[in-house]
Amino acid sequence: MPELPEVETIARGVHERVRGRRIVQVWFASHPQPFKTPAAHQARQLEGRPIVAVHRTGKHIVCELGAALGAPSGKQSGKNAGAQWIVHLGMTGRLLVTTPDAPVAPHTHARLGLSGGLELRFVDPRRFGRLDFRDLGRKAGFSAPGAEPLAIGSAEFAALFHGRRLSIKAALLNQSLLAGVGNIYADESLFRAGIRPHKSCGRLTRAELERLRVALNEVLQAAIRLGGSSVSDYVDAEGMRGFFQLEHCVYQRTGLPCRVCQTLVRRIVVTGRGTHYCPKCQR
DNA sequence: CATTTCACCTGGTGGC
DNA sequence: TGCCACCAGGTGAAAT
C-alpha cells in the first residue's frame, strides 16, 4: 500500500519522465468514477495543459500544470491560470508512465496522452484512490492537512500528541496530525523507537516522542532510498518493485523471530488495523 | 471537540 | 474443482 516513501518514489519517477510535456489527449473511464471532481470536468480542464512539475504532499501526488495552449487571456476562460491534478493512490492505486501502445491493464481509470509519445495512466482495482482537479485561478494550491514527517521539529512533533488519549499507533495514522504515515511505517517506526503501539499518547515521555520522531524520519528516508516497500502490488511509475519490505522488522512478520532479540513478533488489532510489534523490544 | 466504528472496494486466501 | 466467508487498509462520513 502506498505510503509516504512509495508516493515519493512514484512522484519522483513521474516527474523525471513527464516534466515539460503537454497533455494532448485525455481519456477517463465512464462507469466507475473514483473522482473527487466529475470526470468530464477534469478531462476538459486537463487537455492542452503542460505538466510543469510533479511532487508529493503527504500521500498525495500533485501534478503542477501550466495554462492551456492557446487559452485566451481573461478570467472567463478558466484555462489560462495554473492548475493542479491531484492523485491519491488509496490502497491499490498505480500511476504509471507508459508508451501509448502498452497493454492497458484492467481497472485503468484514466489515461493522459502526452506530447512526445508517452502516457500517464491511473490504475486502481479497488477504487480507493481519488483524482482531483484544482484551478489555481479559483483557489489556493493543495496542501495536506497534517505536518510533514520529514521536516517536523522536536517541539512541534511532541505538541501533536500532547494530551491525547488515543493510542500512539492510531495517532500516527491520523493524516490530519502527520501526513503520509500508514500502517507499515507506523509499525516500523514504533519498533525502532521501542514503543508499544497501543500505548496512549498522553503517557509518552518527551524522550520517547523524540525517539519516535527520529525513528520515523530514519525509517522513511531508508525506505525512500530503497524505492519503497512492495508488500502487495506496489510498483513505481515504471512498474518496478521497491525493496524496503526486505528491511521490515515487524510489519507482516507475525510469529517470526524479532531481528534484534529473537522474541516472536506479535500481531494485535489497534483501531481496526493489523498491528505488529515485538513484546520485548517495545515497552 | 475527540475518538471510534463502519462502509467503500476487489483480489487473494483458506476452509469445506 | 468450486464456492464462499473473510481479510487486507486509506479515507471520510456517521456514530458515540
Side-chain angles (χ1 to χ4, degrees), chain A residues 1-11 29-37 39 56-62 86-95 104-110 121-132 142-149 159-190 197-204 216 220 223 228-235 241-242 244-245 248 250-255 265-277:
Chain A
M1 47 247 54
E3 303 179 25
L4 188 152
E6 292 76 31
V7 177
E8 178 70 32
T9 302
I10 293 167
S30 53
H31 179 40
Q33 296 208 347
F35 309 128
K36 265 184 118 170
T37 47
R56 174 196 65 79
T57 300
K59 292 176 190 170
H60 298 262
I61 299 167
V62 180
I86 302 150
V87 180
H88 192 292
L89 299 172
M91 285 285 298
T92 53
R94 298 180 177 193
L95 193 61
V104 177
H107 308 293
T108 297
H109 303 298
R121 297 181 181 178
F122 176 68
V123 182
D124 183 14
R126 284 169 68 178
R127 307 212 302 269
F128 279 13
R130 287 292 178 266
L131 303 177
D132 194 14
F142 174 82
S143 61
E148 171 58 48
L160 285 179
F161 305 103
H162 183 258
R164 292 181 179 276
R165 218 171 290 164
L166 81 171
S167 67
I168 184 61
K169 166 77 186 255
L172 283 172
L173 295 178
N174 184 340
Q175 299 299 296
S176 60
L177 296 177
L178 279 177
V181 181
N183 214 31
I184 298 172
Y185 300 101
D187 282 4
E188 292 297 319
S189 61
L190 286 169
H198 56 251
K199 191 161 179 178
S200 165
C201 291
R203 292 199 203 289
L204 292 171
L216 181 59
L220 292 173
S229 302
S230 288
V231 289
S232 52
D233 51 1
Y234 161 75
V235 290
R241 290 167 57 81
F244 192 71
Q245 67 278 9
H248 289 178
V250 288
Y251 184 78
Q252 287 195 347
R253 286 179 47 83
T254 311
V265 171
R266 219 173 266 177
R267 182 185 186 278
I268 58 176
V269 175
V270 178
T271 20
R273 309 282 167 76
T275 298
H276 316 75
Y277 72 102

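Here the structure is a predicted model, which means the values were calculated and not measured. Quick note on labels: first sequence line is chain A, next is B, and so on, each numbered from 1.
When the local axes at the two ends of the helix from B/dA2-C/dT16 to B/dC16-C/dG2 are compared, using 5 base pairs at each end, they differ in direction by 50° after rounding to 10°.
Rounded to a whole Å, the NE2 atom of A/His276 is 12 Å from the C1' atom of C/dC7. Residue A/Arg164 contributes atom CZ, which lies 12 Å from atom P of B/dC1 at whole-angstrom precision. Here C/dA8 presents its C1' atom at 11 Å from CD1 of A/Ile184, a figure rounded to the nearest Å. Here the C1' atom of nucleotide C/dT11 and the CG atom of A/Leu131 are 15 Å apart, to the nearest Å. Following rounding to the nearest Å, A/Leu173 (CG) and C/dG12 (C1') show an atom-to-atom distance of 15 Å. Computed from coordinates, the A/Glu3 CD to C/dA8 C1' distance equals 13 Å when rounded to whole Å. Here the P atom of nucleotide C/dG10 and the CD1 atom of A/Ile86 are 20 Å apart, to the nearest Å. Distance NZ (A/Lys59) to P (C/dT11): 4 Å, rounded to an integer number of Å.
With sequence neighbours excluded, the residues satisfying ring pair (Phe, Tyr, Trp, His ring centres under 6.0 Å) with A/His248 are A/Phe244, A/Tyr251. Residues passing the salt bridge (Lys or Arg N to Asp or Glu O under 4.0 Å) test with A/Lys59, sequence neighbours excluded: none. In terms of the ring pair (Phe, Tyr, Trp, His ring centres under 6.0 Å) criterion, A/His107 has no residue partners (sequence neighbours excluded). Under the salt bridge (Lys or Arg N to Asp or Glu O under 4.0 Å) criterion, A/Arg121 pairs with A/Glu119, sequence neighbours left out. For A/Tyr277, the ring pair (Phe, Tyr, Trp, His ring centres under 6.0 Å) criterion is met by no residue, not counting sequence neighbours. By the side-chain hydrogen bond (donor to acceptor under 3.5 Å, both in side chains) test, A/Thr92 pairs with A/Asp124, sequence neighbours left out.
Residues A/Arg267 and A/Gly274 approach most closely at NH2-CA, 3.4 Å, considering heavy atoms.
The distance from atom CG of A/Leu216 to atom CG of A/Leu178, rounded to the nearest 0.5 Å, is 6.5 Å.
Within 4.0 Å of A/Tyr185, counting heavy atoms only, lies no atom of the nucleic acid at all.
Regarding contacts with the backbone of C/dT11, a side-chain N or O of A/Gln175 is found under 4.0 angstrom from either OP1 or OP2. For A/His88, no side-chain nitrogen or oxygen approaches OP1 or OP2 of C/dG10 to under 4.0 Å.
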Name each donor-acceptor pair under 3.5 Å that joins a side chain in residues 1-10 of chain A to protein atoms two or more places apart or in another chain, with its distance.
from   : atom 1 : to       : atom 2 : distance (Å)
A/Glu3 : OE1    : A/Gly182 : N      : 2.8
A/Glu3 : OE1    : A/Tyr185 : N      : 3.3
A/Glu3 : OE2    : A/Asn183 : N      : 3.1
A/Glu3 : OE2    : A/Ile184 : N      : 2.8
A/Glu6 : OE1    : A/Glu3   : N      : 2.8
A/Glu6 : OE2    : A/Tyr185 : OH     : 2.6
A/Glu6 : OE2    : A/Ser229 : N      : 2.7
A/Glu8 : OE1    : A/Arg56  : NE     : 2.7
A/Glu8 : OE2    : A/Arg12  : NE     : 2.8
A/Glu8 : OE2    : A/Arg12  : NH2    : 3.4
A/Thr9 : OG1    : A/Pro5   : O      : 2.7

Base-contact (B) and sugar-phosphate-only (S) positions in nucleotides 4-10 of chain B, heavy-atom cut-off under 4.0 Å, - elsewhere | S---BBB

